[in-house]
Amino acid sequence: MVLKIVRTVWPVMLTYVAIGAPCGMIMGQTGMEPWMVFALSSTFVTGSGQFMICNLWLAGVPAPSIIASVAAISSRFALYSASIAPHLTGASKRQTLAVAATLTEEAYGISLAKLVEGEDWGPRESFVLNVILIATWGVSCTMGAIVGAVVDVPTAIAAFVCTSLFICLLFSQRLSRGNVVAAVSGAVSVAVCKFLGLVNIAVPASVVAGIAIALACDAVFDGRGARDAR
């Protein structure tokens, strides 16, 4: 079973190595020892959140703002767990909790596709997949921290890995009115907050503003479309 899962997920594992190593370098520059990097990377399953914690910490952002920012971008995991739970109806509560508590974004996409397609895939395979990816990420980050302690890699270069990842994710999204409004509103919110000197709340405020404005825009246009149809 493990070999079957590795054959399915090895491209994602290579991606984790390429992204996890720079993340580990940045974590090392915050003063974390390699064992600390491994402990955090193996229990905190959102890589983008780890990048955000390190970059905001190095920028001197207060801890409450860091917590709010990471909580905002990590809240999507509640939706991931809720959407995959109906496909695990035959599993026990312990198995369902184990799968939900160890989900990563990539593991969620793979497991959900397998479960929906009705393949020979269950909670056991989903959990093992999660563990494999988490272990790959943790080892990659730890190796990055070790290399970063020997080789001086500029923080700006390592940090841009996460930025470029989000840029790729943005352009891979379906070009819809809601996505465009959310992206533009978030960017404008960050600019306004920084202009007003509200640097500490710029990131969480932009996330909330972008989502709220996009939802309001969709509600207005959808309601108008329904009235026009009537």
Side-chain angles (χ1 to χ4, degrees), residues 12-78 80 100-108 130-170 186-187 189-191 193-208 210:
V12 178
M13 295 172 67
L14 293 180
T15 304
Y16 273 25
V17 173
I19 300 175
C23 183
M25 292 178 186
I26 299 176
M27 295 172 74
Q29 291 179 9
T30 63
M32 297 181 67
E33 298 292 335
W35 70 268
M36 297 178 182
V37 173
F38 181 78
L40 177 60
S41 302
S42 301
T43 55
F44 195 77
V45 293
T46 164
S48 57
Q50 289 181 216
F51 271 103
M52 180 174 285
I53 290 173
C54 298
N55 288 326
L56 294 179
W57 182 266
L58 291 173
V61 176
S65 182
I66 296 176
I67 294 172
S69 300
V70 176
I73 68 168
S74 301
S75 60
R76 64 192 186 277
F77 282 91
Y80 294 161
T102 55
L103 274 179
T104 65
E105 286 176 310
E106 294 76 16
Y108 163 75
N130 295 349
V131 172
I132 290 174
L133 289 182
I134 290 175
T136 303
W137 176 258
V139 171
S140 301
C141 290
T142 304
M143 294 304 299
I146 295 173
V147 172
V150 179
V151 181
D152 186 18
V153 179
T155 305
I157 295 177
F160 186 72
V161 172
C162 186
T163 304
S164 62
L165 174 62
F166 278 105
I167 292 174
C168 292
L169 291 175
L170 175 63
S189 300
V190 170
C193 288
K194 291 193 174 184
F195 178 77
L196 296 176
L198 305 175
V199 179
N200 295 340
I201 64 170
V203 175
S206 66
V207 173
V208 174

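Each residue takes its place number in the sequence, starting with 1. Every heavy atom of this structure was used, including side-chain atoms; hydrogens, water molecules and symmetry mates were not.
Distance check, rounded to the nearest 0.5 Å: CE of M25 to CE of M143 gives 10.0 Å. I53 CD1 to L40 CG: the interatomic distance, rounded to the nearest 0.5 Å, is 6.0 Å. Here the straight-line distance linking atom CD1 of I19 with atom CG of L14 works out to 11.0 Å at 0.5 Å rounding. The line from OG1 of T43 to CZ of F38 is 9.5 Å long, rounded to the nearest 0.5 Å. Rounded to the nearest 0.5 angstrom, T15 OG1 and L133 CG are separated by 10.0 Å. Distance check: M32 CE to T142 OG1 gives 9.5 Å after rounding to the nearest 0.5 Å.
The minimum heavy-atom distance linking A107 with N130 is given by the pair CB-OD1, 3.1 Å. In plain terms, the two heavy atoms of T136 and I132 that are nearest each other are OG1-O, 2.8 Å.
For S41, the side-chain hydrogen bond (donor to acceptor under 3.5 Å, both in side chains) partners are Q50, not counting sequence neighbours.
Ring geometry, Y16 versus W137: the interplanar angle exceeds 60°, so the pair is classed perpendicular (tilted spans 30 to 60°).
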